[in-house]
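Notes follow once the structure below has been shown.
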Amino acid sequence: MTKKPSDMPEIEQRWRAEWERSGIYRFDPTRGRAETFVVDTPPPTVSGSLHIGHVFSYTHTDLMARYRRMQGDNIFYPMGWDDNGLPTERRVQNVFNVRCDPSLPYDAALDLEFGREGETLTVSRRNFIELCDRVVTEDEQGFKDLWQRLGLSIDWSQTYATVDERSRYVSQLSFLRLVEKGEAELREAPTMWDVDFQSAVAQAEVEDREKDGAFYKIRFDVQGGEDVLIATTRPELLPACIALVAHPDDTRYSSLIGGKAVTPLFRAPVPIIADEGADPEKGTGILMVCTFGDAADVEWWRQLKVPAREVIDRGGRIIPAPWGEGHWDSQDPEDAKKYHDKLAGLSISQARKEIVELLGDAGAIVGEPEKVRRPVKFYEKGERPLEFVVSRQWFVKVLDKKQELIDQGRKIQWHPDMFRGRYENWVEGLNQDWCVSRQRYFGVPIPIWYAISEDGGIDYDRLILPAKEQLPVDPYAEAPPGYTEDQRGKAGGFVGDADVFDTWATSSLTPLIPTGWPDEPAKLEGLYPTDLRPQGHEIIRTWAFTTITRAYLEDGSVPWWHVAISGWVLDPDRKKMSKSKGNVVLPTDTLDEYGSDSVRYWSASARLGSDAATDPNTFKEGKRLITKIRNAARLVLGFEGPGGPPTHPTDQALMARLRTLVQEVTNEWEAWDHAGALEATESWFWGDFCDNYLELVKTRAYNQDPSALGTLRTALDVVLRLFAPFVPFITEEVWSTMDKDGSIHLAKWPTTEELGTTEDTGAFDVAVTLLAQIRKVKSEAKVSIKTPVDRLVIKATAADLVLFESMADDLLATANAVVHETETVKGDAAPEAYVELGAPEVKV
RNA sequence: GGGCGGUUAGCUCAGCUGGUAGAGCGUUCGGUUUACACCCGAAAGGUCGGCGGUUCGAAACCGUCACCGCCCACCA
């Protein structure tokens, strides 16, 4: 070992290679479930950037894996890559400057460069997917490098990707089983829709954003009456109005209920109905129901049982002839068409401006618009508000099993426990079934065909399912059983579902993908349910929820017994990091600057569930600890001579205290508190061991006292093992210079039994108390710590004096005291030292 | 609007089942001590967010309020 810490990069590099070569993190398939610890590792989105947050949370997982490994468990610690879905598509679009057009034919010769400039190219679906594969391969390597550099004890022979054959197989097979059980079904219904990505989205991917808007008061005529004012923030939906709603107890409007109003401009008669859902306090208390402004509109539309008047197309523009040319439900169809033509083709925001003007000209807007700030639903990755669009989508039924899903959550231990509440809160608030189909390209295809009837129409009630042996299948490219490819799209033939699964539909199966489900029952039984799901709290509603749901629907199981939640990494100003704020810390930079063990130290010092700031001080603290470990080891291992059992009281006391530490640290681990374990270990190591014990024992150690040498070596051995999960590189490095077989990471976790049975008599406390007093006198006298003490008087209780005498040799040597006297005091006073110093040293 | 966290030394945080406040960093003072100056020793610094209550005793338990953060909620 060299003295300078600057060789840590070399040490890290060397052990990283050695661990990979020796395969110490390999899973052993011959051992049983009881002694196996299975991690359901989060597959990172490979198209996302490497983020310091990754380092933080993945370290948390590795800490527990390393602890369990040292406890003797056979660790199943696989790695998955989440490469399917929108993030990859987006990245491909940017990297190659392309868009996918599924109608184009495949171009086998297409060869694009990374960072291609110039005009945006449209490519076929298959070309697009090939580009996705290229990007993904590149990105995965970046993550693997980072993980290995960080020292994650992953078994790299257990890897998967969410678009690979195995994942597609599992995803499709599991889905087909849901279809057969009736738990997944195709529905044509208004669904939340992102007009930019042109895909349906699920409730879990939706977030509210506060947006400015304006309330417009619009005058509707009432048949056989005066008129009525409604308030709306979405006047552009007026042509889609199908009813007005007021609260049944709202006396202002009770006379109107059951009658009809007539929309301005379009002159469409619409019923006026009463419903508890209308809030008399909001707006004017009466509102228009449109197809579709929001989820409430969907609800009322269902109650009314009238056809939808859709006016917004899938790209977010006003449809030219919303309910069929010449079919205007209007008292004045010509006017209606005239007005609508002015809106047709406009985007939502353009249409809003236009219609406000038209309504204004027609005198149908009353007063000034009232500015309001209200929550608007967005796709979490989207930029424009979601619309409700009628489309055909696959849903997994969850609304009918909320209680069961909550009960499943209660069979799982959440760390920290408060996040169980988060989960239950989400399940209780579910108001839509889980929409799993997405109108995207790069993902797991929905393995379904639909029959085409003899008249040429697609019969969505006649599903054609693939044979299990056919999976994974791409129904867009392959023909279903009993058909041939030339029947595609023909009367009497079939059409393949062109959609892919939502990324969570596959990610929800990560406990099943690497564990042999369902064709290797022996393997599965040895690995499932898994032990640990680590994840962030922001994806409880997606990943945790969908995983629990899929496991429950599949066989009633829970997917794991523990969920460990990591917090977020904040910048030093306690702000959440984001690219737009420009405060993202790159993990490679941090690793370059501080080294892997230091960065791990920082991660480990944060408790599960709590956020952490990227604090340079904590990184430095880690670096200091690593240096301290090396130096202490250098001292201990530098002593020559045979070691023996602890016979000296100081040594016995140290062993007793170490035993207490081992118990405490083990308890912390068992309570899933790695930060507590680290803190206890570090505090013992730095305080008891380095500052006090090493000083007290030095003289005897230099004199080759076997009790001292044996104790020093045992203590180092044990404390290294306690540190090993946190700082695997430096502990392995030191371990390798000791007389030990194999890696420290396969060594047994320390037990109290291996540390004998000597009691902590209190001698150590007495010594430390007295030593502190002597040091204080010297410090106040501003002399060197090694200044001789001429006369030392110890005043203590009789019991403490016995303890003092037992280790007086160590204490006097450390204090450099030559004469000592003792004085017995009554009661339970702490021992006191009276110190007379020799002549101050003369400074040269 | 509903739910959940947090509020302890200048900063970042720990304080388990209630017994007169802790760590690291920072600050100040001192120390070349043959493991380590990425070190060692010492010191200063807090009415534990406010107000009530339970208790012999509350940072900890109960109630309430305030502020910060997060999650959720049909947005007319």
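A:E695 comes within 4.0 angstrom of a base, heavy atoms only. Within the nucleic acid shown, A:Q203 comes within 4.0 Å of sugar-phosphate atoms alone, with no base atom in reach, counting heavy atoms only. Note on A:A632: a base of the nucleic acid sits closer than 4.0 angstrom, heavy atoms only. Residue contacts shown for A:F215 are limited to sugar-phosphate atoms, with no base heavy atom under 4.0 Å away. Nucleic acid contact class of A:L694 (heavy atoms, under 4.0 Å, all strands): base. Across all strands, A:A671 comes closer than 4.0 Å to no nucleic acid atom at all (heavy-atom distances). Among the heavy atoms of the strands, none lies under 4.0 Å from A:R234. Using a 4.0 Å heavy-atom distance criterion, A:K211 is classed as making no nucleic acid contact. Counting any heavy atom pair closer than 4.0 Å across all strands shown, A:D279 reaches a base atom. When heavy atoms are screened at a 4.0 angstrom cut-off, A:C290 is found touching no nucleic acid atom at all. Contacts of A:K377 with the nucleic acid, taken as non-hydrogen atoms under 4.0 Å apart, include base atoms. Looking at heavy-atom distances under 4.0 Å, A:W300 makes no contact with the nucleic acid at all.
Among the nucleotides B:rG15, B:rC74, B:rG24, the one closest to the side chain of A:A296 is B:rC74. Nearest to the side-chain atoms of A:R422 among the listed nucleotides B:rC71, B:rA14, B:rC74 stands B:rC71. Distance from the side chain of A:K782 is smallest for B:rC29 among the nucleotides B:rC75, B:rA14, B:rC29. Among B:rU33, B:rC36, B:rA73, the nucleotide with an atom closest to any side-chain atom of A:K786 is B:rU33. Checked against B:rC4, B:rC72, B:rC36, the side chain of A:M418 finds its nearest nucleotide in B:rC4.
For the pair A:K282 and B:rC75, the criterion of a side-chain N or O lying under 4.0 Å from OP1 or OP2 is met. Between B:rC36 and A:R630, no contact under 4.0 Å exists linking OP1 or OP2 to a side-chain N or O. Distances shorter than 4.0 Å separate some side-chain N or O of A:K776 from OP1 or OP2 on B:rA43. For B:rC74, the OP1/OP2 oxygens have a side-chain nitrogen or oxygen of A:N431 closer than 4.0 Å. When the side-chain nitrogen and oxygen atoms of A:R624 are compared with OP1 and OP2 of B:rC25, one or more of them lie within a distance under 4.0 Å. Between A:W686 and B:rC40 there is a side-chain polar atom (N or O) within less than 4.0 angstrom of OP1 or OP2.
Across the protein-nucleic acid pair, A:E428 atom CD and B:rC4 atom C1' stand 12 Å apart, rounded to whole Å. Distance A:I785 CD1 to B:rG41 C1': 5 Å, rounded to the nearest Å. Here B:rG3 presents its P atom at 18 Å from CZ of A:F419, a figure rounded to the nearest Å. Going from atom OH of A:Y601 over to atom C1' of B:rC13 covers 11 Å, rounded to whole Å. Protein atom CG of A:L635 is 13 Å distant from nucleotide atom C1' of B:rC39, rounded to whole Å. In this entry the distance linking CG of A:D294 with C1' of B:rC75 reads 6 Å, nearest Å. Atom CZ of A:R775 is separated from atom P of B:rA42 by 7 Å (rounded to the nearest Å). The CD1 atom of A:I540 sits 15 Å away from the P atom of B:rC4 (whole-angstrom rounding).
Here the separation of B:rA23 from B:rG41, taken at their P atoms, is 13 Å to the nearest Å. Across B:rG53 and B:rU47, the matching P atoms stand 22 Å from one another, rounded to whole Å. Atom name C1', nucleotides B:rC70 and B:rA37: the rounded distance is 44 Å, in whole Å. Of the C1' atoms belonging to B:rC16 and B:rG22, the separation is 15 Å, rounded to the nearest Å. With both ends at atom C1', the span from B:rG5 to B:rA21 equals 23 Å, rounded to whole Å. B:rU20 and B:rA59 are spaced 11 Å apart, taking the P atom of each and rounding to whole Å. With C1' as the reference atom, B:rG31 and B:rG45 are 23 Å apart, rounded to whole Å. Distance check on atom P: B:rG15 versus B:rC51 gives 25 Å, rounded to whole Å.
Judged by distance alone, the side chain of A:E12 and the main-chain N or O of A:S596 form a donor-acceptor pair under 3.5 Å. Judged by distance alone, with hydrogens and angles left aside, the side-chain atoms of A:H674 form no donor-acceptor pair with the main-chain N or O of A:R607 at under 3.5 Å.
The residues A:D194 and A:R384 are annotated as not salt-bridged, no charged nitrogen and carboxylate oxygen being separated by less than 4.0 angstrom. Using a cutoff of 4.0 Å between basic side-chain nitrogens and carboxylate oxygens, A:K371 and A:D212 are not scored as salt-bridged. In summary, A:D7 and A:R630 engage in a salt bridge, as defined by a charged side-chain N under 4.0 Å from a carboxylate O. By the 4.0 Å N-to-carboxylate-O rule, A:R234 lies close enough to A:E387 to be salt-bridged with it.
The base of B:rG31 has none of its N or O atoms less than 3.5 Å from a complementary donor or acceptor on the side chain of A:S784. Side-chain atoms of A:N617 stay outside donor-acceptor range of the base of B:rG26, with no qualifying N/O pair under 3.5 Å. In the interface, the side chain of A:K628 is paired with the base of B:rC36 through a donor and an acceptor atom under 3.5 Å apart.
Figure legend. B:rA14 is base-paired to no nucleotide; pairs are counted as Watson-Crick or G-U wobble with both atom distances under 3.5 Å. Under the Watson-Crick and G-U wobble criteria, each requiring two contacts below 3.5 Å, nucleotide B:rA43 is paired to B:rU27. Pairing for B:rA59 is absent, judged as Watson-Crick or G-U wobble with the two contacts each under 3.5 Å. With a cut-off of 3.5 Å on both pairing distances, B:rU34 has no Watson-Crick or G-U wobble partner at all. B:rG1 and B:rC72 make up a base pair, with Watson-Crick or G-U wobble contacts both under 3.5 Å. A 3.5 Å limit on both hydrogen-bonding distances identifies B:rG50 as the Watson-Crick or G-U partner of B:rU64.
Residues A:P280 and A:A204 both approach RNA chain B. Their nearest nucleotides, taken by heavy-atom distance, put A:A204 toward the 5′ side. Residues A:K778 and A:N425 each lie close to RNA chain B; by heavy-atom proximity, the contact nearer the 5' end of the strand is made by A:N425.
Relative orientation of the A:W602 and A:F619 rings is tilted, given thresholds of 30° and 60° on the angle between their planes. Taking the six-membered ring where tryptophan is involved, the planes of A:F419 and A:H537 are essentially parallel, since the angle between them stays under 30° and well short of 60°.
Residues A:M288 and A:C241 come closest through the heavy atom pair CB-SG, 3.8 Å.
Expressed to the nearest 0.5 Å, how far CD of A:E207 lies from OH of A:Y379 amounts to 10.5 Å.
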